[in-house]
Amino acid sequence: MDIVLAKSAGFCFGVKRATQMAFDASSQHERIHSLGPLIHSPQVVEQLEQQGVRVCKQVAEIPDGAVVVRSHGITADEMQDIDEKQLEVIDATCPFVKKAQEYAEKLSADGYLVVLVGEADHPEVQGIFSYAKGEAVVVTSAEEVESLPSNRKIGIVAQTTQPFENLQEIVDACLVKAKELRVYNTICDATTLRQREARQIAAEVDLMLVIGGFNSANTSRLARLCKEQQPETYHIETANQLQDAWFESKGRVGITAGASTPAWIIDEVLQRLNKISG
Ligand code: F3S
């Protein structure tokens, strides 16, 4: 059985950095917390808990010590609450997300109506949105641009994981309305590259495995995309979920993994597959 492993499988730059920062900080602080689970991998979150990193939902739950900010960032108000409580901050916000926050802040300070392209209920979007101190809206599609006021200065930023085509359609729609238009393309390539490579591999193999947390939106999306190319696609979290029967008479098996899947989980799956194929 041939195994084709995607080059882009596993941690993206921002998640790798955040995880490393959290593990490093755990050995230096007696009381340490993360605001929400650090990444969408229950296995990594469990390891961090064993190192003393306690998951809290809100700043109010953290009495003292240090707090790790996740790669997709937090809101300006949460950051202010942390400052007021004089907690030590380990800011693992991905630099690409940080840039989007800075652009939103700058655009609103310069009098632009900020149009943030993304999913309103996503914590990254809520964080970016909070930095726009003036008028700002979150839009998910070009149709929603119709209800925006005309003849205004419009400034656009995007959630880092947005599809490029969606940003392009929204830019086109805003161009028709705006007196002046400024666009910051804050989309991160990591997601697009991973999806493109996964699709290509899925189209060429007999079975596709997508590894990552069941609570990870980017992994679930990856699994859906692969399924469109290869109906025999399985989304698994760990090697224990592999079933020998899936691989009977399969010549080529493809593997990819979400941005929050650590290398050791991918390695365990590879080892298990080597055993199955003898
Ligand atoms: Fe950062 Fe891109 Fe990952 S924005 S967290 S490197 S998907």
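One-based numbering, in listed order, for ligands and for the atoms of each.
- A side chain to side chain contact (heavy atoms under 4.5 Å, CB included) with T93 holds for exactly one of K99, R70, H72, K98; it is K98.
- Taking 4.5 Å as the limit, every side-chain heavy atom of Q20 sits out of range of all side-chain heavy atoms of F11.
- Between L113 and P149, some side-chain heavy-atom pair lies under the 4.5 Å cut-off.
- Side chain to side chain, T160 and E124 meet the donor-acceptor criterion of an N or O pair below 3.5 Å.
- Looking only at side-chain heavy atoms (C-beta outward), Y112 and E180 come within less than 4.5 Å of each other.
- Excluding waters, the protein N/O/S atoms found under 2.8 Å from atom 3 (Fe) of ligand 1 are C12 SG.
- Geometrically, K133 engages Y131 in a cation-pi contact, judged by NZ or CZ lying under 6.0 Å from the ring centre and within 45° of the ring axis.
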